[in-house]
Participant: 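For reference, the structure I am asking about is given below.
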Amino acid sequence: MSQTLNPPATLDVPPALPVPRLLSAAGIAAGPLFLAAGLAQGLTRDGFDFTRNALSQLSLGALGWIQVTFFLLTGLLVIGGAIAIRQALRDAPGGTWAPRLLGAFGASFLLAGIFRADPGAGFPAGAPEDRVTSLSTHGAIHMLSGAVGYLALCAAFLVLARHFTARRQRGWALAARLVPVGVIAGFAASATTVAAFTAGAGLGLLGLSAVTARLAFPTRRQRPWSAARQQHSETTTDRQETSA
């Protein structure tokens, strides 16, 4: 008795696209670059106090153009990293919303660079010693863009936690859930010291760099999502044909 085997059905799985290394490197470098620039300026500019002044206020004064430049550059780098993550997560859980939320986070840096923070807490020189109590229009837009941007970043981490869970990468899934907690805790503690706000913002930026590196440059044991999905589909098809 002869048995005719039908050829395997064509799988509608697009081939994996290589993630541009330049975009991946941009996303990885964004956070460390912004924090290093802020640290260097904060240590060298007269009157700046990390316990009283936010890094955003470095965009004020005669040398404010330096921080404005880093705001704009960081925004572009983050958006580039979001594009890299979009390609790395194509057809994977979280592959739609995580890049969009990260793109919004990058856009918030662009707005923060265009609309500067208000002076206060003794910086720049000649500013009132008290904290800012009333916001100007550009100060309000700066603060609002930062708040929305970091909320988008926290949401992106939670979306990526779902991706890591699906890939059974429990450590990364846990870290992706803990980073938003640290960011929000730092922001909440800013009423006590601005350094807590800076620490929370820095945690989010460094966490994003780590996640971008993990997704854009997977280890040898970690296959691209589309390749793993294709092999699973082929195995399922072979089993169905054998049982038939």
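We count residues from 1, following the sequence as given. Fair warning: this is a prediction, and the values are worked out from it, not measured in the lab.
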Participant: Can you tell me how far CD of Gln67 sits from OG1 of Thr74, rounded to the nearest 0.5 angstrom?
Facilitator: 8.0 Å
Participant: What is the distance from atom CD1 of Ile85 to atom OG of Ser24, rounded to the nearest 0.5 Å?
Facilitator: 8.5 Å
Participant: Does Phe48 reach the side chain of Leu60, with side-chain heavy atoms less than 4.5 Å apart?
Facilitator: no
Participant: Quick one: pull up OG1 in Thr44 and CD1 in Ile66 and give me the separation to the nearest 0.5 Å.
Facilitator: 8.0 Å
Participant: Working to the nearest 0.5 angstrom, can you tell me the gap between Leu174 CG and Gln169 CD?
Facilitator: 13.0 Å
Participant: Side-chain contact test, heavy atoms from C-beta onward, threshold under 4.5 Å: evaluate it for Phe197 versus Thr192 and give yes or no.
Facilitator: no
Participant: Would you sort out whether Leu76 and Leu110 count as a side chain to side chain contact (heavy atoms under 4.5 Å, CB included), showing the intermediate values?
Facilitator: CA-CA 8 Å; Leu76 294 176; Leu110 298 180; 4.2 Å; yes
Participant: Does Thr137 form a side chain to side chain contact (heavy atoms under 4.5 Å, CB included) with Phe115? I'd like the steps, not just the answer.
Facilitator: CA-CA 9 Å; Thr137 300; Phe115 299 94; over 6 Å; no
Participant: Side-chain heavy atoms nearer than 4.5 Å, only ILVMFWY residues, links allowed to pass through others: does that put Ile79 and Ile114 together?
Facilitator: yes
Participant: Are side-chain heavy atoms of Pro99 and Ile83 found at a separation under 4.5 Å?
Facilitator: no
Participant: Search all heavy atoms of Asn53 against all heavy atoms of Gly120 and return the closest pair with its distance.
Facilitator: ND2-O, 3.3 Å
Participant: Of all heavy-atom pairs between Gly103 and Ala82, which one has the smallest distance, and what is that distance?
Facilitator: N-CB, 3.8 Å
Participant: Examine Phe164 and Leu178 and state if one hydrophobic cluster contains both, with Ile, Leu, Val, Met, Phe, Trp and Tyr joined whenever side-chain heavy atoms are less than 4.5 Å apart.
Facilitator: no
Participant: Under 4.5 Å between any side-chain heavy atoms of Arg45 and Gln57, yes or no?
Facilitator: no
Participant: If we only count heavy atoms from C-beta on, is the Leu160 to Leu215 side-chain gap below 4.5 Å?
Facilitator: yes
Participant: Does one hydrophobic cluster hold both Phe105 and Leu158, with members joined at side-chain heavy-atom distances below 4.5 Å?
Facilitator: no
Participant: Okay, side chain of Arg116, backbone of Val68: is any donor-acceptor separation there less than 3.5 Å?
Facilitator: no
Participant: Are there more than 12 heavy atoms of other residues, nucleotides or ligands under 6.0 Å from atom CZ of Arg52?
Facilitator: yes
Participant: If Ile, Leu, Val, Met, Phe, Trp and Tyr residues are connected whenever their side-chain heavy atoms lie under 4.5 Å apart, and connections chain through other members, are Leu35 and Phe71 in the same group?
Facilitator: yes
Participant: Could you tell me which non-hydrogen atom of Gly139 sits nearest to which non-hydrogen atom of Asp118, and how far apart they are?
Facilitator: CA-OD2, 3.6 Å
Participant: Look only at the side chain of Ser209 and the backbone of Leu205, and say whether a donor-acceptor pair between them is shorter than 3.5 Å.
Facilitator: yes
Participant: Can Val211 be reached from Leu203 by stepping across I, L, V, M, F, W or Y side chains whose heavy atoms are under 4.5 Å apart?
Facilitator: yes
Participant: So which atom in His142 and which in Ser145 form the shortest heavy-atom distance, rounded to 0.1 Å?
Facilitator: O-OG, 2.8 Å
Participant: Tell me the closest heavy-atom pair linking Leu102 and Ala156, and the distance in Å.
Facilitator: CD2-CB, 3.7 Å
Participant: Can you name the closest pair of heavy atoms from Leu58 and Gln41 and give their distance?
Facilitator: CD1-CB, 3.8 Å
Participant: For a side chain to side chain contact (heavy atoms under 4.5 Å, CB included) check, start with the C-alpha distance between Asp46 and Phe123, then their side-chain angles and the critical distance, and finish with the verdict.
Facilitator: CA-CA 8 Å; Asp46 292 336; Phe123 189 86; over 6 Å; no
Participant: Go through it in stages, so that I can follow the logic: the residues are Phe157 and Leu101, the test is side chain to side chain contact (heavy atoms under 4.5 Å, CB included), and I'd like the CA-CA distance, side-chain angles, deciding distance and then a yes or no.
Facilitator: CA-CA 9 Å; Phe157 273 115; Leu101 291 167; over 6 Å; no
Participant: Using 30° and 60° as the class boundaries, would you call the ring planes of Tyr150 and Phe109 parallel, tilted or perpendicular?
Facilitator: tilted
Participant: More than 12 heavy atoms of other residues, nucleotides or ligands under 6.0 Å from CZ of Arg100: is that the case?
Facilitator: yes
Participant: Before we go on, tell me: are the rings of Phe70 and Phe34 under 6.0 Å apart, centre to centre?
Facilitator: no
